[in-house]
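Treat the numbers as computed from the prediction; the structure is a model and nothing was measured.
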Amino acid sequence: MKKTILATALSGALFLSGCGSDATQSGEPTLPTYESFITTSLAQPTKLEFILSGANATVPVPNNLLFNPVDGTIELPTDDSALSNPLVAMGQVDGWSTTASFFVPFSGQLDSATAASSVSIIKITDKMTGNPLPEKVLQNDIDYEVSVSGKRLIITPKIPFESTSEYLIAINDSLQDVDGAKVGMSQSYASLKSKSRPYESGDLVAPQQLTYGVEALVEGATTALTPNPVSAESIVYSAWFSTQSVGATLAATKGMLALAQGADYSYETIWKESANPNNAPVATIGQMTFGTGADYAAVLANDANFTKYIASAAERDQVIGLYNLNTPNMVTVSRGTVNLPYYLETGTNWNTQPFESGSTSLAIINDAVTDEAELNNFSEQLVGYGINLLSFSQILRRNFKTSLATHSLNWMALVTTLSAS
């Protein structure tokens, strides 16, 4: 049976198996008991559904525990590979939606009256693997709204999250079930939250440190920036999530189109090999052809689309009459075509194919340059393509420092190595 793997963004530290008895959770706790407030939370009748291992493994989304650490994209658990499956399609993107609603599941029916006060969403300045500081505490009913649907706590953005940005979410135990009892955390979340059971080795070390960090930031931010502080002890669920780089793909494509207008590049030198897998005739991009010109009145009279989409036949004839009365034979219309690039599939596959990059992602490059042998191999490949390493490193330093830093890439190691090669 093929295993379902949940990957973490934290250096590949957490791998969760979804095949029943062969699932494991490595990392042995050093102490045998939880803190009393965690024990109390675990005894609540309605608890968070957050399970790290086993046949029912589940992690609420958005959550950066569900990231592929190599290519920097979302990796949701599924054995499928078809892009028509939304779980697979989401694996093509580099972050979570800026507008989609998301929910946190619980084991029992929730009380809607206590929902709003239980949610904290905080924008931070950097990734949790960097040096984050609280930037803004989002406000309920302004930035987002909270609702309940049965056993689900639902959060819906009213203002889109900022793209290419970092956020924290926390749910505290002011949320109650329909019987008036506080909700509790799950056993898996308790294992990450507890400081009396620290993991010293294994897959859960990094996720536990992440949980400590997220909860500390939530407590600090709500204490400093709001009149309603949330204590770390009261949190029954928390997560860090990164939003998609919305518009980055189109901006990069626009840059390539602009680059092709210069003397040093052409469409053929930019869109080639894997960047043009269907061998589209890129040499004719922008090419225009025109037919024989005709008087405006004659063209309008024979244009079925004008009558169909713009006006009735009577109104069309009225426009033609006014033209013939005031400016006859003054306007010549020439029909033509222009060849423009189209970046999606056509036919039956148009809505199942991603707009894929023709080059390796920055995340994969970063993964490669952290290994000396891979970095040397990368340099050799650049030389094989006739690329001057010193010039390449200077361009990288000048143009891509900000972009690489945004993706937490080891850009300095790459530039330094290439400059010295």
Side-chain angles (χ1 to χ4, degrees), residues 8-11 13-14 60-67 69 72 74 94-99 102 104 117-144 146 155 157-172 174 189 192-195 198 205-248 362-363 366 370 400-413:
T8 181
L10 302 177
S11 303
L14 175 62
V61 297
N63 191 319
N64 280 4
L65 290 178
L66 302 172
F67 251 66
I74 294 172
D94 64 352
W96 302 96
S97 172
T98 60
T99 58
F102 53 95
V104 180
S117 63
S118 71
V119 177
S120 301
I121 303 177
I122 299 165
K123 186 175 186 292
I124 55 176
T125 58
D126 194 5
K127 295 178 181 294
M128 288 299 295
T129 49
N131 297 294
L133 293 173
E135 180 177 322
K136 177 185 178 183
V137 178
L138 277 60
Q139 298 183 55
N140 180 50
D141 285 335
I142 296 178
D143 300 299
Y144 63 92
V146 182
I155 297 97
K158 299 186 73 173
I159 299 175
F161 296 120
E162 294 185 31
S163 64
T164 321
S165 298
E166 311 300 323
Y167 290 87
L168 308 178
I169 180 171
I171 312 299
N172 66 71
S174 65
Y189 190 76
L192 300 182
K193 181 184 181 76
S194 175
K195 293 182 179 178
V205 173
Q208 186 176 64
Q209 293 301 313
L210 170 65
T211 303
Y212 292 168
V214 170
E215 291 193 346
L217 278 169
V218 171
E219 181 176 76
T222 56
T223 299
L225 303 176
T226 77
N228 301 305
V230 174
S231 70
E233 288 190 2
S234 71
I235 295 172
V236 298
Y237 174 70
S238 67
W240 158 46
F241 67 95
S242 306
T243 54
Q244 295 177 29
S245 53
V246 177
L362 292 178
N366 182 62
T370 53
F400 300 125
K401 176 180 177 181
T402 300
S403 175
L404 293 171
T406 298
H407 290 78
S408 297
L409 297 183
N410 191 0
W411 73 274
M412 182 57 78

### Query
How many angstroms lie between atom OG of Ser120 and atom CD1 of Ile171, to the nearest 0.5 angstrom?
7.5 Å

## Note on the structure
Heavy atoms of Asn63 and Ser238 approach each other most closely as ND2-O, 4.4 Å

### Message
Please verify the inter-ring angle class for Phe241 with Phe161; under 30° counts as parallel, over 60° as perpendicular, anything in between as tilted.
### Response
perpendicular

### Task
Would you tell me whether Asn64 and Tyr167 have side-chain atoms, one donor and one acceptor, within less than 3.5 Å of each other?
no

### Task
Would you please say whether a donor-acceptor pair under 3.5 Å links the side chains of Asp94 and Ser245?
yes

#### Entry: CZ on Phe102 to OH on Tyr144, rounded to 0.5 Å
9.0 Å

### Task
With rounding to the nearest 0.5 Å, note down the distance linking NZ in Lys123 to CG in Leu168.
11.0 Å

### Query
Does a donor on one side chain and an acceptor on the other come within less than 3.5 Å for Asn172 and Ser174?
yes

### Query
Distance only, no hydrogens: is a donor on one side chain within 3.5 Å (strictly under) of an acceptor on the other, for Glu166 and Ser242?
yes

### Query
Under 3.5 Å, is there a donor-acceptor pair linking the side chains of Tyr189 and Thr211?
no

### Task
List the atom of Ile122, the atom of Leu217, and the distance in Å for their closest heavy-atom pair.
CD1-O, 4.3 Å

#### Entry: Lys127 vs Pro132 side-chain heavy atoms within contact, under 4.5 Å
no

#### Entry: Tyr212 six-ring centre to Lys193 NZ/CZ under 6.0 Å and within 45° of normal
no

### Message
I'd like to check the side-chain contact (heavy atoms from CB on, under 4.5 Å) partners of Val246; sequence neighbours left out, ordered by chain and number.
### Response
Thr98, Ser163, Gln244

### Task
Compare every heavy atom of Ile74 with every heavy atom of Gly95, then report the nearest pair and how far apart it is.
O-CD1, 3.2 Å

### Task
Calculate, to the nearest 0.5 Å, the distance between atoms CG and CD1 belonging to Asn131 and Ile124 respectively.
11.0 Å

### Message
Checking the side chain of Thr125 only, and the main-chain atoms of Glu135 only, is there a donor and an acceptor separated by less than 3.5 Å?
### Response
no

### Message
I need the Ile169 CD1 to Ile235 CD1 distance, nearest 0.5 Å.
### Response
11.0 Å

### Query
Taking the side chain as C-beta and beyond, is there a heavy-atom pair between Met128 and Val214 under 4.5 Å?
yes

### Query
What is the distance from atom OG of Ser231 to atom CD of Glu219, rounded to the nearest 0.5 Å?
6.0 Å

### Summary
Partner of Val146 under side chain to side chain contact (heavy atoms under 4.5 Å, CB included), picked from Asp141, Ile121, Asn140, is Asn140

